[in-house]
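Reminder, nothing fancy here: chain letters follow the sequence lines and each chain counts from 1.
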Amino acid sequence: MFLALRAEVESALTGALETLDLPTDDLGIEEPPEGVDAVVASSVAFRLAGELGAPPAEVAARIADAVDADEYEYVREVRAQGPYVNVLPTPSYYADTLDAGRDDDYGELPATGEDVLVEHTSANPTGPVHVGRARNPIVGDAVARLLDYAGHDVTTEYYVNDAGRQMAVFTWAYETFDEDDLDSEPERGRVEYDLVRYYRKGNAYLEEAHPDAVEAAEDEIQSILQGLEEGDEETYERVQRVVDQVLGGMRECLLRLPAEFDEFVKETSFMRDGGTKELAERLQETDEAVIEDGAWQLDLSEWGYEKKLVFLRSDGTSLYTTRDLAHHEWKFDAYDRSVTVLGEDHKLQAGQLQAALELLGNDTDQLENVIYSYVNLPEGKMSTRRGTGIDLDDLLDEAIQRAREEVEKRLDDRIREDDIDADDVERIAEQVGVGAVRYDIVSKQPQKAITFEWDEALDFEAQSAPYIQYAHARSCGILDDTETPDEADASLLEADAEIELLRETARFPGVVDAAATDLEPHQIATFAREYADAFNTFYRECPVLADDVDPAVRRARLALVASARNTLANALDVLGIEAPRSM
RNA sequence: GGGCACGUAGCUCAGUUCGGACAGAGCGUCUGGCUUCUAACCAGAAGCGCGGGGGUUCGAAUCCCCCCGUGCCCGCCA
């Protein structure tokens, strides 16, 4: 309802300003602070005060007088409060919110018909997913869900980097070394934990072995790269044997979050279909293409890049960015918009990619990036190759373990109404543990650096998923054994806590809209926390099922609780966090 | 050296796009609350003037300039 109200306010203010013969370019619409009855406000009077030579308060009063609230469904009254023009909503604003909130899909916006591709994670298939890059699947999955809620047709893509040097190294190492050569047992039963040992062994060998031996190995690695470039089928099969196994394990790990993908697009596919070769030829024909030291490069100084972008090595082979250009033209072909979630270390590359795409005549307005900073350990960076880092599997296991302890502690602490068996404990522990990890990451602005600390990542009491999940479980506790009334009179909701909760409920679709526009799922995380605050206050102050509650009031409160349950469940759903029915 | 990010209570973070109502939460500290729909909760107290300095403005955490600190990037790697 908030979006509808705001639209009415825009129209009303524009009309009022036109009546007064004032400019309407900036309406100064904002949400008032806590403690103000208004739901929407405007600070436009400040700006017009100078022009009119009158104090802001007087201007605000004049504007408020010029609005006829009767023309609008949700605007009850527009009044000046000091220099602000404040808008109070009609009873139907609350009544319609109470109705809309009871739909299971409350918060989902109407379909836009826009096809959006969200590429995220795309971690090189070299080994177990570690926490350093865990931000990518968590933020990426939330962005995809958010755009879905905002009404777009979303496809998620994992771009598989199976053509680079590291995969050639991996393939060589996998074929060269035996189990006996490895100096450690796999840390886990899953396949990527087994195979990563070959990758690490290979890298160590290249650093430590006799120069002659290293040269022989390098020859083999080069022949793999050349084979891929030439589209040699046997080489391709050899590399894929490693890629598919490791990727399969990584997918299982990501599924625990859960992060799922509609498409796995392989980098080699743009070599095998000739797309990269054709693209390089088009680049060669541009005015910006130059040959330096035998390599084809792009002079992108017009776009502000000092560094030239090499797109063909002196031996004629393509580079990652060359293939990624073909990849992106493929995206542009198939989708209306393309969003990529990537680490800040790829920022320069992404900028050059965009410039090159423009150079090739693409409309890059359809391309957007969500950039995040890596999660580091107190002692430094995490690395798959060196084997330093916390595995995402370990983090999730630890989170679930700590959540299980909490659930069990609470079982001992108090007598509960609901019956919880061992399966329930396990389910709740998983929902809460994984949810806590996701919320910890998705609730922060992605561009801020995070240093990983176990106790911080696994703090269930701070502003965390469990707090929001708990509010949801409480709402279920009220609704579970109760008939949800068909009729509910919103005007009976008069307590501060009730009105506040209803106001917050009304905001939800608007928050989805804003967060999706900005590609910022953390806005949903902030909202969800504030919403849980409002619900918990309501829960404390307004009994629903108590005997002395008037039946009509009870019906209204039940409807409000149903709206709250849907809002909490869907806000969590946007973030990819489960909403337990009991905790 | 250059480019890009980030710097808000003791700690972890919202707020910065689009400048406006007293700068907000959680944790921690202190106080009170479970015969009442789940106390992973609620209510209250103390605590920051937004890295530093200039500027623009009626008004700056928010915009501009300089400086300091931290991170990332500046490969014929990905």
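Rounded to whole angstrom, the span from the CG atom of A:Leu458 across to the P atom of B:A40 amounts to 19 Å. For the pair A:Ile450 CD1 and B:A5 P, the interatomic distance rounds to 19 Å; values are reported in whole Å. Atom OH of A:Tyr439 is separated from atom C1' of B:A25 by 10 Å (rounded to the nearest Å). When rounded to the nearest whole Å, the span between CZ of A:Phe527 and C1' of B:G15 equals 17 Å. When rounded to the nearest whole Å, the span between OH of A:Tyr372 and C1' of B:C13 equals 21 Å. A:Leu568 has its CG atom 14 Å from the C1' atom of B:A40, to the nearest Å. Distance, A:Arg581 CZ to B:A40 P: 19 Å, rounded to whole Å. In this structure, A:Glu368 places its CD atom 19 Å from P of B:U17, rounding to the nearest Å.
In this structure, of B:A14, B:A40, B:C4, it is B:A14 that holds the atom nearest to the side chain of A:His522. Here B:C42 is the nucleotide among B:C42, B:U17, B:A39 with the atom lying nearest to any side-chain atom of A:Asn536. Distance from the side chain of A:Val407 is smallest to B:A40 among B:C37, B:A25, B:A40. When each of B:A40, B:C37, B:A21 is scored by its nearest atom to the side-chain atoms of A:Arg410, the top-ranked nucleotide is B:A40. The side chain of A:Pro33 sits closest to B:A21 out of B:A21, B:A39, B:A40.
Here A:Arg47 does not reach the OP1 or OP2 of B:G59: none of its side-chain N or O atoms lies under 4.0 Å away. Residue A:Thr537 has a polar side-chain atom (N or O) positioned under 4.0 Å from OP1 or OP2 of B:A43. Within the structure, a side-chain polar atom (N or O) of A:Gln447 is placed less than 4.0 Å from OP1 or OP2 of B:C6. Close to B:A5, at under 4.0 Å from its OP1 or OP2, lies no side-chain N or O of A:Lys448. Residue A:Tyr467 places at least one side-chain N or O under 4.0 Å from the OP1 or OP2 atom of B:C42.
Between A:Glu288 and A:Lys308 no salt bridge is recorded (no basic side-chain N to carboxylate O distance below 4.0 Å). Between A:Glu398 and A:Arg402 there is a salt bridge, since a side-chain N of the basic residue sits under 4.0 Å from a carboxylate O of the acidic one. Salt-bridge check for A:Glu430 with A:Arg404: failed, with every basic side-chain N at 4.0 Å or more from each acidic carboxylate O. With respect to the salt-bridge test (charged N to carboxylate O, under 4.0 angstrom), the residues A:Glu58 and A:Arg62 qualify. The pair A:Glu218-A:Arg165 meets the salt-bridge criterion, since a charged nitrogen lies less than 4.0 angstrom from a carboxylate oxygen. Ion pairing of A:Lys409 with A:Glu406 is present here, as a side-chain N (NZ or NE/NH1/NH2) and a carboxylate O approach within less than 4.0 Å. Salt bridge status for A:Glu281 with A:Lys277: present, with a side-chain N to carboxylate O gap under 4.0 Å.
Rounded to the nearest 0.5 Å, atoms CD1 (A:Ile138) and OH (A:Tyr439) are 13.5 Å apart. Rounding to the nearest 0.5 Å gives a distance of 11.0 Å between OG1 of A:Thr340 and NE2 of A:His120.
When heavy atoms are screened at a 4.0 angstrom cut-off, A:Tyr305 is found touching no nucleic acid atom at all. Within 4.0 Å (heavy atoms only), A:Asn86 reaches at least one base atom of the nucleic acid. Among the protein residues, A:Ala473 comes within range of the nucleic acid bases, having at least one heavy atom under 4.0 Å from a base atom. A:Pro83 comes within 4.0 angstrom of nothing in the nucleic acid, heavy atoms only. As judged by a 4.0 angstrom heavy-atom cut-off over every strand, A:Asp26 is placed among residues making no nucleic acid contact. Within 4.0 Å (heavy atoms only), A:Ala41 reaches at least one base atom of the nucleic acid. Residue contacts for A:Val432: at a heavy-atom cut-off of 4.0 Å it reaches a base atom on one of the strands shown.
Looking at A:Glu406, its side chain has no donor and acceptor atom pair within 3.5 Å of the base of B:A40.
Comparing the C1' positions of B:C64 and B:A25 gives an interatomic distance of 31 Å, to the nearest angstrom. With both ends at atom C1', the span from B:U29 to B:U16 equals 30 Å, rounded to whole Å. B:A60 and B:G47 have their P atoms separated by 24 Å, given to the nearest Å. With C1' as the reference atom, B:C34 and B:C42 are 11 Å apart, rounded to whole Å. Separation of the P atoms belonging to B:A14 and B:C6 is 11 Å when rounded to the nearest angstrom. B:C18 sits 8 Å from B:C63 when the P atoms are compared, rounded to a whole Å. Straight-line distance between the C1' atoms of B:C50 and B:U62: roughly 10 Å, to the nearest whole Å. When the C1' atom is used for both B:A45 and B:A9, the distance is 15 Å, rounded to whole Å.
Residues A:Val44 and A:Thr451 each lie close to RNA chain B; by heavy-atom proximity, the contact nearer the 5' end of the strand is made by A:Thr451. Nearest-nucleotide mapping onto RNA chain B: of A:Ile29 and A:Ala38, the residue sitting toward the 5' end is A:Ile29.
In this entry the base of B:G49 is syn relative to its sugar, with a glycosidic angle within 90° of 0.
At least one donor-acceptor pair under 3.5 Å links the side chain of A:Asp421 to the backbone N or O of A:Asp424.
Under the Watson-Crick or G-U wobble criterion, with both distances below 3.5 Å, B:U29 is paired with B:A45. Across every strand in view, B:G1 sits in a pair with B:C74 that passes the Watson-Crick or G-U test at under 3.5 angstrom. Pairing for B:G7 is with B:C68, a Watson-Crick or G-U wobble pair whose two hydrogen-bonding atom distances lie under 3.5 Å.
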- Query: Once each nucleotide of nucleotides 68-78 of chain B is scored for protein heavy atoms under 4.0 Å, what B/S/- sequence comes out, 5' to 3'?
  - Reply: ---BSSSSBSB

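Judged purely by distance below 3.5 Å, without hydrogens or angles, the side chains of A:Ser318 and A:Arg323 pair a donor atom with an acceptor atom.
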